[in-house]
Amino acid sequence: MSKEILTGVYFMQGDIACAEGALAAGCKFFGGYPITPASEIAERMAERLPEVSGVYIQMEDELASIAAVVGSSWTGAKSMTATSGPGISLMQENIGYAVATETPCVLINVQRGGPSTGIPSIHLQGDIIQARRGSHGEYEMIALAPSSSQEMFDFTIDAFNLAEKYRTPVFILSDAFVGHMREEVIIPEPERIYRVPRKLPDSGTCGGKFRGFLDEDVAPMPIFGHGFKTHVTGSCHNDFGQRNVIDAEALDYYIKRLNSKISKHAHEIISVSQDVDGKEVALISYGSCYRAAREALNILEDEGIRQVGSFRLLTVWPFPRNQIQELARKVKSIIVLENNLGQITPYVEAAAGGQAEVIFLPPRVLGTLHDPATIVDKVKEVIR
Amino acid sequence: MIEIDEDLCKGCEICVAFCAKDVLEMSDKFNKKGVHPPLVVREEDCNLCGNCMLYCPDLAIVVAEEEESE
Amino acid sequence: MKLVHPLMKYVRPGAISTATCTGCGDGIIAQAVLRAIDELELNIDDFVFVSGIGCAGWIPSPFFNADTLHTTHGRPIAFATGVKLARPDREVVVISGDGDLAAIGGNHLIHAARRNIGMTVICANNGIYGMTGGQVAPTTPLGLKTTTTPYGNVERAFDLCALTDAAGASYVARWTTYHARGLTRSVKKALTKRGFSFIEVISQCPLQYGRRTGVGNAVAMMKGYKENSLSVKKAASLSEEELKNKIIVGELVDKDMPELTEQIEKLRRIHE
Ligand SMILES: Cc1ncc(C[n+]2csc(CCOP(=O)(O)OP(=O)(O)O)c2C)c(N)n1
Ligand code: SF4
Ligand code: SF4
Ligand code: SF4
Ligand SMILES: [Mg+2]
């Protein structure tokens, strides 16, 4: 059996499944700092990475963790870190650096209750907007929201593949509920796991003459140690990586290129699952809230109420604006389920553009799953 | 043999100040950067110690043995 | 007959004319590093140079024609740790400023020394925040007036060599830009050491330090280094009082201890 891919059927914690997904995707570097509810990922990686010739390091803090992840990625390693609220906040500056330097890496945020230290082991979808805009400046982000242990495994592989394909950091927005629960996880045969290899320049290419940055269609990455003489900087730079900290024109080009690399390909990145055709009401959800949405839909179906469908965001960012626009033309009402005070709801409202009524529904108590009965009640109220 | 790449020079005078043999002097002319580069005025006194080259922050000075420069 | 500078071959085409001010010590440090590589006959393609934000961060970036990682303020050692761990066969050299390495990045400095990771860290210590306009640094002498200590600095300066020594570095040396030869020797030594090496270079910032504090231009500052420095050997026989305001130059630590990436390699072998 491959040491990287532990093919089999398991009863596995979400965090552990995430670590196994990373290894299955080919992750060879983990830099992190312990924090509840993400520490299990670090612990698993510490045990497993030496088995697959990888490196685990516990850094002195999260500022250092993300820096080490980016540094290792520039040597060609598939790299990741895993943390939660306070750690994610500390990482923000260098997440921006990873975006700016087009460094593939995977950032796992097992969200907990905040702001500040909050409550470590209680799940909140509190960092959704932070993932999108937490670092300064103008940039795009890719983020996936798993809702089960199996998806912690599957989405982590997807995250590595997206990171490689678009040469950019990718978030997994999990939470304490999904990270800590145990469920069946099926790890497939190695042949059934698809890994996107990193696009590299031809050997013999010299950095100075090579456009290794700012290609809307993703430039090959001139990783270190191959004589490319690569110049990497988080300051404004051109296609060759040459720094320019003087011209607004250069900044304009730099920002627009970095952003269009993601926005131009948004239709390939965005993933939603929906069954809304012919429905009157849609339940929009992502991450752990999807579980409650599913439950509510089962109850409604048992009661014979069939005019309600699910619209789930598998990728929260880039935001599926067009898909929701289309949804708003099909249904009368949209109920947005979030375990927060409404972070994507304004985006849904903007996309719906008044074509459908948008209702935000948090759980009665933040930090808990929605009681499916409250969702059912809300649906009945809406269709009445 | 000493050679000064005048256009790289920023005119700091470090080379002049730290030449124990007073071989160099600042000139009156302006280079492309608009500063006065140094001039080799007493090459015969130069002992090729290499200090001027070592200290030049802008790699503007080269000192070499005559035969090595062939 | 035109002579070509022997170190020009290591300079990135297009970056030959540096962005530093007239007489800035950063250029002398850049040259010492390149000279060490040249004298050791090492291949610059085997290096990764990592720097932070500040004037000193521009010593290798983009000047050195090699793989260079110009990172964020304070974090170059953390980035370099990732590079070294993932590619232990690379020569990883961090070159950055005193503010970068000892203020905002101080934690990474001590932890890299504690881990004894095989990298060389060169601190261009100009005792000031050069790039941002001459604000106080943790290395600024007591009493000095800077743009943010208008009444004089009330904090003591860090002894970066004592700090890295205490944290566990394998090799520690201090020089000034006046001691360019000693500095080159130490860089050579550091590059051949297996563990963590730290070299502090007291360096002139004629613009933000020299001019504002009245110490003078680059020449005056370097003459000051010459007059105020003592060798480690000489300093050993002097009292604390006699050593006040003196710069002790030379090798301060040189020992061999297990290096981090070698320890990690051993973990992997358990599973082979
Ligand atoms: C997080 C962050 N804080 C502040 C700054 C602004 N900043 C840029 S360089 C610098 C100080 C540089 O001082 P030093 O490291 O000593 O380098 P020098 O310019 O003196 O060589 C500061 C504070 C920044 N770039 N990033
Ligand atoms: S090599 Fe020495 S003696 Fe000759 S000019 Fe330079 S500093 Fe003066
Ligand atoms: S040391 Fe170099 S830059 Fe300074 S004056 Fe001499 S040649 Fe010019
Ligand atoms: S401000 Fe000071 S440290 Fe920065 S380049 Fe100018 S002289 Fe050098
Ligand atoms: Mg400084």
Side-chain angles (χ1 to χ4, degrees), chain A residues 3 28-31 46 48-57 59-79 81 93-94 96-97 100-101 103 105 206-209 222-235 237 240-243 245, chain C residues 12-15 19 43-51 53 57-58 60-90 92 104-105 107-108 110-112 114-115 117 260-261 264-272:
Chain A
K3 279 186 186 164
K28 288 285 183 279
F29 188 94
F30 184 101
R48 292 274 283 125
L49 274 168
E51 295 176 6
V52 300
S53 295
V55 182
Y56 168 86
I57 181 118
M59 295 299 288
E60 50 273 21
D61 54 33
E62 288 86 350
L63 305 162
S65 302
I66 176 75
V69 163
V70 171
S72 69
S73 184
W74 270 98
T75 71
K78 290 191 178 181
S79 310
T81 187
E93 186 189 12
N94 284 333
Y97 183 87
T101 54
T103 308
C105 55
C206 184
K209 297 181 197 74
I223 58 170
F224 295 158
H226 296 264
F228 297 142
K229 298 180 181 292
T230 304
H231 184 255
V232 185
T233 179
S235 299
H237 52 266
F240 299 97
Q242 285 165 338
R243 186 168 47 232
V245 289
Chain C
R12 197 182 288 276
N43 182 352
I44 200 160
D45 282 344
D46 293 336
F47 282 74
V48 178
F49 295 95
V50 187
S51 63
I53 299 294
W58 289 10
S61 154
F63 196 57
F64 293 3
N65 197 19
D67 289 334
T68 47
L69 188 62
H70 177 236
T71 67
T72 46
H73 191 35
R75 316 294 162 213
I77 293 176
F79 280 91
T81 298
V83 173
K84 184 68 185 180
L85 289 171
R87 278 299 295 270
D89 62 324
R90 298 287 98 184
V92 177
I104 188 167
N107 201 30
H108 310 308
I110 56 175
H111 284 280
R114 173 184 63 81
R115 292 184 179 111
I117 184 166
L260 180 69
T261 61
I264 290 178
E265 187 51 39
K266 280 185 197 157
L267 296 184
R268 288 176 174 165
R269 273 194 224 119
I270 304 170
H271 298 286
E272 266 168 16

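The figures here come from the full heavy-atom set of this structure, side chains too, leaving out hydrogens, waters and symmetry mates.
- Minimum heavy-atom separation, C:Arg90 to A:Gly225: NH1-CA, 3.3 Å.
- The most heavy-atom pairs under 4.5 Å with chain A, out of C:Leu69, C:Leu267, C:Ile53, come from C:Leu69.
- Heavy-atom minimum distance, A:Gly54 versus C:Arg268: O-NE, 3.3 Å.
- Taking 4.5 Å as the limit, every side-chain heavy atom of C:Arg12 sits out of range of all side-chain heavy atoms of A:Gln242.
- The side-chain heavy atoms of C:His108 and A:Asp61, taken from C-beta on, include a pair separated by under 4.5 Å.
- The two residues A:Phe228 and C:Asp67 have their closest heavy-atom pair at C-OD1, 4.1 Å.
- A:Glu60 contributes atom CD, which lies 6.5 Å from atom OG1 of C:Thr81 (distance to the nearest 0.5 angstrom).
- When the candidates A:Ile66, A:Val70, A:Asn94, A:Val52 are compared by the number of heavy-atom contacts under 4.5 Å with chain C, A:Asn94 comes out ahead.
- Counting heavy atoms from C-beta outward, A:Arg243 and C:Trp58 have side chains that approach closer than 4.5 Å.
- Here A:Thr75 is the residue among A:Thr101, A:Thr75, A:Leu49 with the most heavy-atom pairs under 4.5 Å with chain C.
- For C:Ile44, the part lying near chain A is the side chain, with the backbone staying farther off; criterion is any non-hydrogen pair under 4.5 Å.
- Interface check for chain A: of the options C:Ile264, C:Asn107, C:Val50, the most heavy-atom pairs under 4.5 Å are formed by C:Asn107.
- Distance CZ/C:Arg87 to CZ/A:Phe224: 11.0 Å, rounded to 0.5 Å.
- For chain C, the nearby part of A:Phe29 is the side chain; its heavy atoms alone come within less than 4.5 Å.
- With sequence neighbours excluded, no residue forms a ring-ring contact (aromatic ring centres under 6.0 Å, His included) with C:His73.
- Neither the backbone nor the side chain of A:Val69 comes within contact range of chain C; no heavy atom of the residue lies under 4.5 Å from a heavy atom of that chain.
- Heavy atoms closer than 4.5 Å to chain A are found nowhere in C:Arg269, neither backbone nor side chain.
- With a 4.5 Å cut-off on side-chain heavy atoms, A:Arg48 and C:His271 do not count as touching.
- Taking C:Ser61, C:Ala86, C:Pro13, C:Ser51 one by one and counting their heavy-atom pairs under 4.5 Å with chain A, the maximum is reached by C:Ser61.
- Looking at C:Leu85, both its backbone and its side chain come within 4.5 Å of chain A, counting heavy atoms on both sides.
- A 4.5 Å side-chain heavy-atom check between A:Ile57 and C:Leu260 finds at least one atom pair inside the cut-off.
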